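Here the structure is a predicted model, which means the values were calculated and not measured. Letters go in sequence order (proteins before strands), and every chain restarts at 1.
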2 protein chains.
Amino acid sequence: MSTIEDVAKLAGLSRTTVSRVINNHPYVSEDKRKLVMEAMKQLGYVPNSSARSLRSQKTDVVALFVPRIMNPFFSQLVEAMEISAAEHGYQLIICQTRYSPEKELNYMNLLKMKQVDGVILASIQNDWKVLEPFLDYGPIVLCNEFDEQANVPSVMLDQVHGGYIATKHLLEQGHRRIAYCRGSTRSNVASHREIGFRKALAEYGIEFDEQYAFRDAFHSEDGRRVFHQMMALPTPPTAVFTGSDEVAAGIISEANKHGFRIPEQLAVVGFDNQEITELMEPSITTVHQPVDQMAKKALEVMIEKIHSRKYKQREIYEFPLKLIVRESTVSNKLVQL
Amino acid sequence: MSTIEDVAKLAGLSRTTVSRVINNHPYVSEDKRKLVMEAMKQLGYVPNSSARSLRSQKTDVVALFVPRIMNPFFSQLVEAMEISAAEHGYQLIICQTRYSPEKELNYMNLLKMKQVDGVILASIQNDWKVLEPFLDYGPIVLCNEFDEQANVPSVMLDQVHGGYIATKHLLEQGHRRIAYCRGSTRSNVASHREIGFRKALAEYGIEFDEQYAFRDAFHSEDGRRVFHQMMALPTPPTAVFTGSDEVAAGIISEANKHGFRIPEQLAVVGFDNQEITELMEPSITTVHQPVDQMAKKALEVMIEKIHSRKYKQREIYEFPLKLIVRESTVSNKLVQL
DNA sequence: TTCAGATATGAAAACGATTTCAGTAACCGG
DNA sequence: CCGGTTACTGAAATCGTTTTCATATCTGAA
């Protein structure tokens, strides 16, 4: 394992000059540069990254916090983020909080230890007051999250609008008894969607009915359960808004199994536009989220913060959501038209 | 940002003693230990990780190579690996090769730069001869991969058996014209499955028929295409083996759309036992892979290698696959029994 | 009583780079 | 031809730890 010293010796130059070549500093003559390059190649030299980090106080690594990776929404986020990171010469460390405030807090130490240059939170488990002190050690950027109190950049999607357009679509189809499904994390993504949901209802003069609200629906299994809960009601809903395609798929799968016709007997909208929406029978109306764009932007904002060293400033970057109409809300023939 | 020096001063001791406390070394008296702990807490001290890495020549970080994260199989692998890593006090850096040998080779430098203690390859894009030299800089462990030439540990699943049991199941259902779908990466996962597929066929005295082989099926869209290709054949197959649940889902979705009955007109087996297998109508017969176990084992083997510093030794750890029969190969009534 | 080992602590070297500072040579305008 | 940039190079300080080496005290067995 050769060091910069070895390279310097072989090239007959000083460490300083070698370092200059490595870092593309000006004021190195072309012939010396050649010498150094040659020596580096001959030794198969690569700079030791710990030494660089220690001296230059940067690691070119950022940490991405997600609750869990298996959730397709976060898979996509991680995938896009890693690609952007690689393009900018950064590495990505993955931190799964698994919805645990303790785990989150623990991972936060990566910033204090200077193991990463910054932290991107795609999930928040602690009160902002708990996280804020870490800003003394490096930048924090929120991605797909938002906190009233947080004085940091936030790259997010217009979830209020998302809830609104999905619900409005159901209303326009003539539905008046619309159930509402969400997972209830402490994230305000779901809350924002609920605001949009209520707004659409209000426009049609409909009251939010708590008996139609299910706030513990995360996975497809929950969808199956909710389906039965809904159908057991005195007056079942004729449509259901869900916070994820998986839940929507669970509802539809269970409905299929019991001979219910979708959308005739129950219209369903999902959220995320995951692959499954096109595979299910019927295909699922959903809300497309520009996850890739958001991830890319979040990383770019992070890099900007790392360089500018001004962390405690609120900035909002918002991307629009788009309704994608498929068969689960509109009967086949109409979709064809 | 306080350093170990600050802690030492505040505690009225030397850096050495503070370091001993941090690293749980023996020979520190209880009262001094208390002093140090107190000083650390008071200063909110956390050791600088670059400095530690530089001196101790270890980073407690491992890199995980996957082609892409969105693929649910790899999502699950990453998720499980991150959990195991965290349990052992390691961080995980994600490297998406996107099936590119250049990207893979580039990420390999993480080992040379000593930015990671080891590399777990869940995907191989280069010839082993190209990767082998990196063993001089740290351990490489194969996970879900295998290479004849590779003199390193390999944690894998019995793919030959997987291909065999899935195919045998179809044969037992009476099928004789069985199509074969796979994605053709240079990985030998698919090749091993094909060996199992052929073995089962051979046991029934059936020849592998190239007209029924589709080696370019990765995603659900490919499944849709393959469905039409199969059905356009002079004598279409009555069953199809696929290398992934997504492809199986694509085939089934397209079949549904065109009024084909599954499994009566075409039986379908998938691979991976992903969530979608239970959501599709009909549900999909598939092969369950113990991904979590494999990931955990791979990480443990990696840690063992890091400590033992003996990298160039071949070891095989194999986990069994299990057939899960659902509706896509057996008509509804039979499954109920 | 003695001396070998165990216990406890600190000074200084080492890890491998980047950065600061200083110095020399070449160039250029007045 | 002189003074001041600009171009180029290297010695030494520095980043924040861990590790090595040295030293001192204490313990218990011979």
Sugar-phosphate only, base, or nothing, as touched by B/Thr16 at under 4.0 Å among non-hydrogen atoms: base
Interatomic spacing from CG in B/Asp117 to NE2 in B/His307 - rounded to 0.5 Å: 8.5 Å
For nucleotides 21-26 of chain C, list the nitrogen or oxygen atoms of the protein found under 3.5 Å from its nitrogen or oxygen atoms, one pair per line.
none

For chain B, the stretch of DNA chain D it reaches, first to last nucleotide, under 4.0 Å of its heavy atoms: D/dG16 to D/dT20
Strand-adjacent residues in residues 41-50 of chain B, judged by heavy atoms under 4.0 Å from DNA chain D: B/Tyr45, B/Val46, B/Pro47, B/Asn48
Test: A/Glu82 and B/Arg68 ion pair at under 4.0 Å: no
Side-chain ion pair, B/Lys129 and B/Glu132, N-O less than 4.0 Å: yes
Between C/dG10 (P) and B/Glu5 (CD): distance, integer Å: 12 Å
Separation of atom CZ in B/Arg52 from atom P in C/dG16, rounded to whole Å: 18 Å
B/Gln57 vs C/dG16: side-chain N/O to OP1/OP2 distance below 4.0 Å: yes
OP1 or OP2 of C/dA8 under 4.0 Å from side-chain N/O of B/Lys32: no
Sugar-phosphate, base or nothing in reach of A/Ser19, heavy atoms under 4.0 Å: base
Comparing B/Val28 and A/Ser56 on DNA chain C - which has the more 5′ nearest nucleotide: B/Val28
Distance in angstrom units between A/Ile22 CD1 and C/dT18 P, rounded: 5 Å
Any B/Tyr27 side-chain N or O less than 4.0 Å from OP1/OP2 of C/dT7: yes
